[in-house]
Amino acid sequence: MADIVCPKCGSVIPDNQPCGLCNAIATPEVAAKVAVPTTDGEGKVSIGRPPAWPPLTWAFYAFVALFAMTCLGLIIPPLLFVREASMRTQSICHLKQIGLAAHGFYDVHKRFPFNGTNQARPGDATSGSWCFQILPFMEKNDVFQAGSTNEGIKQFLCPGRGRPLTSNTPAVGADTPPWSDYVLNPWLNSDTGDVAAIDSRRTFADITDGTSNTILCGEGQIRPRDYSNAESIPGYLDTFLIGGTTATALSSNLALGPVTFARDSDDTRTDAARGFGGPYSGGCNVAFCDGTVRWLSYSLKVGSFAKGQSDLSLASLLTPAAGDEPFWEP
């Protein structure tokens, strides 16, 4: 006769005998027989209830927590690296489209686009900012002909920031006007880097340093806290339907401070001293006048904006006539 488990209280009782705890009678018909290993005084195994698992200790839980944190520490950095690399690639694609559009603009107007001096006007390639001027060559001719829109243009937004495509501040006939993360190199149109200079009609022949050594546009610095901001801030975050501002061109007001070149941070300037920089670690993407897109490291010094300089610097890549020899080596 084998011991079985009481169907009511779970205690071990002899077959067909009443339970000493609940007085129930355990029979094979109502309870399954179980083999319970126990040991007698001599260490021999007999049939009975299985022993309970030993209680888990704090050391075991600490080990599990440490193991989990170690795994996360090994997995998360590569995932973040892959995510950043993917967004950088998307930004490169946007800048390539912008570069091709600028060349399409050049083919028609025989000059590079400039940052403008006024508000966008329907079908007017001398109005608005450079972003508005190249819209017909980015398959957005309907927006160009209308002179206004409430829809954003994703090609003008850096994927690494995840900013809203439009501003909530009405302007230029639009309730939610579009804006741009990318800013123009103002030295391309003005020897002094004036963001509101009149159209100088800069041509390829005017770029004596070579188009492969002169920046067209790039990522402009934005404070991370402003990534989710949908409100316009004149001269910093504003629609590209308005030309002649530092919202769409690199700062040129050296009286407010030197041109900056750094990753987005809380120290990013929001005035006319705002500079180039993006959300990625180590450097940012820029489009050159030859249509190529390259990665510039923040280790590159800003340099001097005087003519005739001979050192490789950000200034030498912004000014189209900084020196006699090309600086860029692919």
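The number of heavy-atom neighbours closer than 6.0 Å to CD of Q90, taken from other residues, nucleotides and ligands shown, is above 12. Open room surrounds CD on E151; 12 or fewer heavy atoms of other groups in view lie less than 6.0 Å from it.
In this structure, F132 and I242 have side chains that are not in contact, with every pair of non-hydrogen atoms separated by 4.5 Å or more. Y236 places none of its side-chain heavy atoms less than 4.5 Å from the side chain of R269. Side-chain contact between F288 and L216 is absent, with no heavy atoms from C-beta onward closer than 4.5 Å. F276 has its side chain out of reach of Q221: every pair of non-hydrogen atoms, C-beta onward, lies at least 4.5 Å apart.
Between W130 and F156, the angle of the ring planes goes over 60°, which puts this pair in the perpendicular group of the 30/60° scheme. Classification of the F137-F105 ring pair by plane angle, with boundaries at 30° and 60°, yields perpendicular. Between Y298 and F261, the angle of the ring planes goes over 60°, which puts this pair in the perpendicular group of the 30/60° scheme.
There is a side-chain donor-acceptor pair under 3.5 Å between D290 and T292. No donor-acceptor contact under 3.5 angstrom links the side chains of R263 and S265, judged on distance only.
The side-chain contact (heavy atoms from CB on, under 4.5 Å) test with L314 singles out one residue from V286, T260, I215, L250, and that residue is I215.
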